[in-house]
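I have placed the structure first, in the form of structure tokens, so that the comments after it can refer back to it.
Letters go in sequence order (proteins before strands), and every chain restarts at 1.
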Amino acid sequence: MKKELREKIVSVLSKEIPEVDQIKDKIKIDIPKEEKFGDIAINAAFLLTKLLKQKPIDIANRIKQILEKEPEFEKVEVAGAGFINIFLSPVFYHNILKKIIEEKDQYGKAKNKDKGRINIEFVSANPTGPLHLGHGRGAVVGNVQSNLYEYIGYFVEREFYINDAGRQIRKLGESVCARFFQIENPDYPFPEDGYHGDYIKEIANHLYKYEREKILSFVDKEQAIDFCAEFAKELLLEKIKEDLKEFGVEFDIWFSEKSLYTSGKVDEAIEFLKKKGLIYEKEGALWVKTTEYGDDKDRVIIKSDGSYTYFAGDIAYHYDKFKRGYDFVVDVWGADHHGYFPRLKAAVMAFGVPEDWLRVIFIQLVKLFKNGQEVKMSKRSGSFVTLRELIEEVGKDAVIYFFLTKDSNTHLNFDIDLALKKSSENPVYYVQYAHARISSVFREAKERFGFDPEEDFEADLSLLKENQERVIMKYLAFIPDLISEAAEKQQPHKLTQITYDLASEFHYYYNHFKFLVEEDENLMKARLYLLKAIRYALRTLFKLMGITPVERM
RNA sequence: GUCCCUGUAGCUCAGCAGGAUAGAGCACCAGAUUCCUAAUCUGGAGGUCGGCGGUUCGAAUCCGCCCAGGGACACCA
């Protein structure tokens, strides 16, 4: 909506003040905090001071005269040092409500996916155990950011990178294998840095039950480890898929790290860099000149023992993404990898992509709190809280919402007690209650008046004269701007704030006005129309976050 | 040592491509229910935006220096 308003203002002004053309890109449409400062405020007068060599206040008064002639603007005022405050007319707002009713839970969403094609890779957990809280936060942030990019018109592919090569998988195999042999021989040694979780024992028990003969028949112990590793990996991956699906997260692409090696893609990527003169040999190892593109030091891609580094795999993986032709790609990483960004960026730059082709969203730690005490997680002992456990305890919606309350790049303290509270203190209940309340009013309307707001209806919106009604309509008008801003800045956590504020405005409205006005059917319809728009706006936001819109609580 | 992040109300944090009197939730104090769900709402108190400079009509926001806390700097994954 801001964009439309800005275009309008610029075109009207530049007819009378040609200098406006020079500053049009700097004109900012603000939504003032206080109602007396109008519905929108523009900074045009300040920007023109130098060009026109006049005081901001004088320029502002001239702008006021010009803009006041427009029917969309009910009133224009000059305030402070030269702020121009514009009050929008009721017709403007009525059109917003109609637009929402039309677009339903896709309010403000781009109609086409013509902005570009992008890839977002997230979660990408090692298939060596269940998902933990960090993965969960990454899953929510990655998924919601994907939704946001779709909202503003991108075609998005969600991708999960399976770390199925390398030491972790081997360790998994050793651990499962050891647990398997321990069933018959309790003294069988367990690898020192193996995985201790109970799930390892469960997998071993399963194998003992169904694959005992086969495993015992292996002559070579290595074969047994490989077999266990492969089996456990597949099983754990299935578990991960299930958990994510239940969490509302689905991927378009499951990309296997191992496939990079078996298909020769790693060598292909190295060959590409070699041709660009970025590869050299030193101390028996193969290095890539990442310093050419801003890294602190060059990096090894093939160790002196002939094996690839993890970095080699990552270069090949991103080379593959590059060849798939995305406009840009997003990686969601744990914050502990932030030092890794410059070197990968350098490698990617070597492909000849723009500076911001590779974008990384960092996910900071999640700490769980219960009864005011931190719930310690220890992966080594195997007694860590999994994502599934948390979802079972507080519910999917609460987990998603809480994961989205803060910028993903800051530490998050997850208060379990708060998430379980059924009161206004708990923001999840607060926003869902707003939705449920509107549904409840609709049910009541149907029962008492035989009027079903769920069906299409017309209303005389000029009857919405209360200040709070105008406040809500104004908030609704700019929700698409707020969502788009969150999308572009890669800040999905803003959605919770937007939702909370809308819920808050509604609750206030509910408490001060009656919707089911018996004595005035037209007023009732107008208000129900507004409620319907609010509910669709809430649903739009819920949908982006992946939260269930509940009909009754 | 180099680099990154953080520092805003008692607590947890928003705000930070500059804008009007710095916000929210919790906690604290005082209130509201013959009424569509009180799982709600209203009001109050609470701040040298870590410090010092700079840029400008204007700085929590941008720049520089400093202080404090956390993290990253492997032929690990």
**OP:** May I ask you to say what A:Lys514 touches in the nucleic acid, namely base, sugar-phosphate or nothing, with a heavy-atom cut-off under 4.0 Å?
**Re:** base

**OP:** Could you check how far CG of A:Asn426 sits from P of B:rU12, rounded to whole Å?
**Re:** 19 Å

Original post:
Checking all strands, does A:Asn85 fall into the base, sugar-phosphate, or nothing category for heavy-atom contacts under 4.0 angstrom?
Top reply: base

**OP:** For the pair A:Phe414 and A:Phe402, name the ring-plane relationship: parallel under 30°, tilted 30 to 60°, perpendicular over 60°.
**Re:** tilted

**OP:** Hey, which sits more toward the 5' end of RNA chain B by its nearest nucleotide, A:Phe311 or A:Val441?
**Re:** A:Val441

Subject >> Nucleotide nearest A:His507 when distance is taken to its side chain, options B:rA77, B:rA74, B:rC41 >> reply: B:rC41

Subject >> Rounded distance in Å - OH (A:Tyr161) to C1' (B:rA77) >> reply: 11 Å

Original post:
For A:His337 and B:rA77, is the gap between ring centres under 5.5 Å while the planes differ by less than 30°?
Top reply: yes

Original post:
Aromatic ring centroids of A:Phe87 and A:Phe73 under 6.0 Å?
Top reply: no

Original post:
P atom, B:rA9 versus B:rG15: distance in rounded Å?
Top reply: 15 Å

Original post:
Is the aromatic ring centre of A:Phe83 closer than 5.5 Å to the centre of the six-membered base ring of B:rA20, with the two planes inclined by less than 30°?
Top reply: yes

**OP:** Please find out if less than 6.0 Å separates the ring center of A:Phe403 from that of A:His493.
**Re:** no

Original post:
Rounded to the Å, how far apart are A:Glu505 CD and B:rC41 P?
Top reply: 11 Å

Original post:
Rounding to a whole Å, what distance do you find between A:Phe402:CZ and B:rU12:C1'?
Top reply: 11 Å

Subject >> Distance flag, aromatic centroids of A:His337 and A:Phe341, threshold under 6.0 Å >> reply: no

Original post:
Of the nucleotides B:rC57, B:rC36, B:rA38, which one has an atom closest to the side chain of A:Arg437?
Top reply: B:rA38

**OP:** Quickly work out the A:Asp295 CG to B:rA72 P distance and round it to whole Å.
**Re:** 17 Å

Original post:
Can you tell me if the side-chain N/O atoms of A:Lys282 get under 4.0 Å from OP1 or OP2 in B:rC75?
Top reply: no

Original post:
When you measure from the side chain of A:Lys489, which nucleotide among B:rA17, B:rC13, B:rC36 comes out closest?
Top reply: B:rA17

Original post:
Any side-chain N or O of A:Tyr510 less than 4.0 Å from the OP1 or OP2 oxygen of B:rA38?
Top reply: yes

Original post:
Cation over ring, A:Lys421 on A:Tyr429, under 6.0 Å and within 45°?
Top reply: no

Subject >> C1' atoms of B:rG47 and B:rU8, separation to the nearest Å >> reply: 8 Å

Subject >> Interatomic distance where OH belongs to A:Tyr430 and P belongs to B:rA24 [whole Å] >> reply: 12 Å

Subject >> Sub-4.5 Å side-chain heavy-atom contact between A:Thr128 and A:Lys171 >> reply: no

Original post:
Which is true for A:Tyr500 with a 4.0 Å heavy-atom rule: it touches a base, it touches only sugar-phosphate, or it touches nothing?
Top reply: sugar-phosphate

Subject >> Nearest-angstrom distance from the residue atom OH of A:Tyr475 to P of B:rA24 >> reply: 14 Å

Original post:
Is the ring of A:Phe515 stacked on the base of B:rC36, with centres less than 5.5 Å apart and planes under 30° off?
Top reply: yes

**OP:** Figure out the CG/P separation between A:Asp298 and B:rA74, and round it to whole Å.
**Re:** 13 Å

Subject >> 5′-ward residue of the pair A:Ala285/A:Ser440 relative to RNA chain B >> reply: A:Ser440

Original post:
Base, sugar-phosphate, or nothing for A:Tyr508, non-hydrogen atoms under 4.0 angstrom?
Top reply: sugar-phosphate

Original post:
When the C1' atoms of B:rG44 and B:rA72 are considered, how many whole Å apart are they?
Top reply: 46 Å

**OP:** Check every strand shown and say whether A:Phe513 touches a base, only sugar-phosphate, or nothing at a heavy-atom separation below 4.0 Å.
**Re:** base

Subject >> Euclidean distance for P, B:rG10 against B:rA45 (whole angstrom) >> reply: 15 Å

Original post:
Using a cut-off of 4.0 Å on non-hydrogen atoms, how would the nucleic acid contact of A:Glu283 be classed: base, sugar-phosphate, or nothing?
Top reply: base

Subject >> Between B:rA59 and B:rA77 - C1' atom distance, rounded Å >> reply: 44 Å

Subject >> Donor-acceptor pair present, A:Asn43 side chain and B:rA20 base, under 3.5 Å >> reply: no

**OP:** Answer yes or no: is there a side-chain heavy-atom contact under 4.5 Å between A:Glu292 and A:Asp298?
**Re:** no

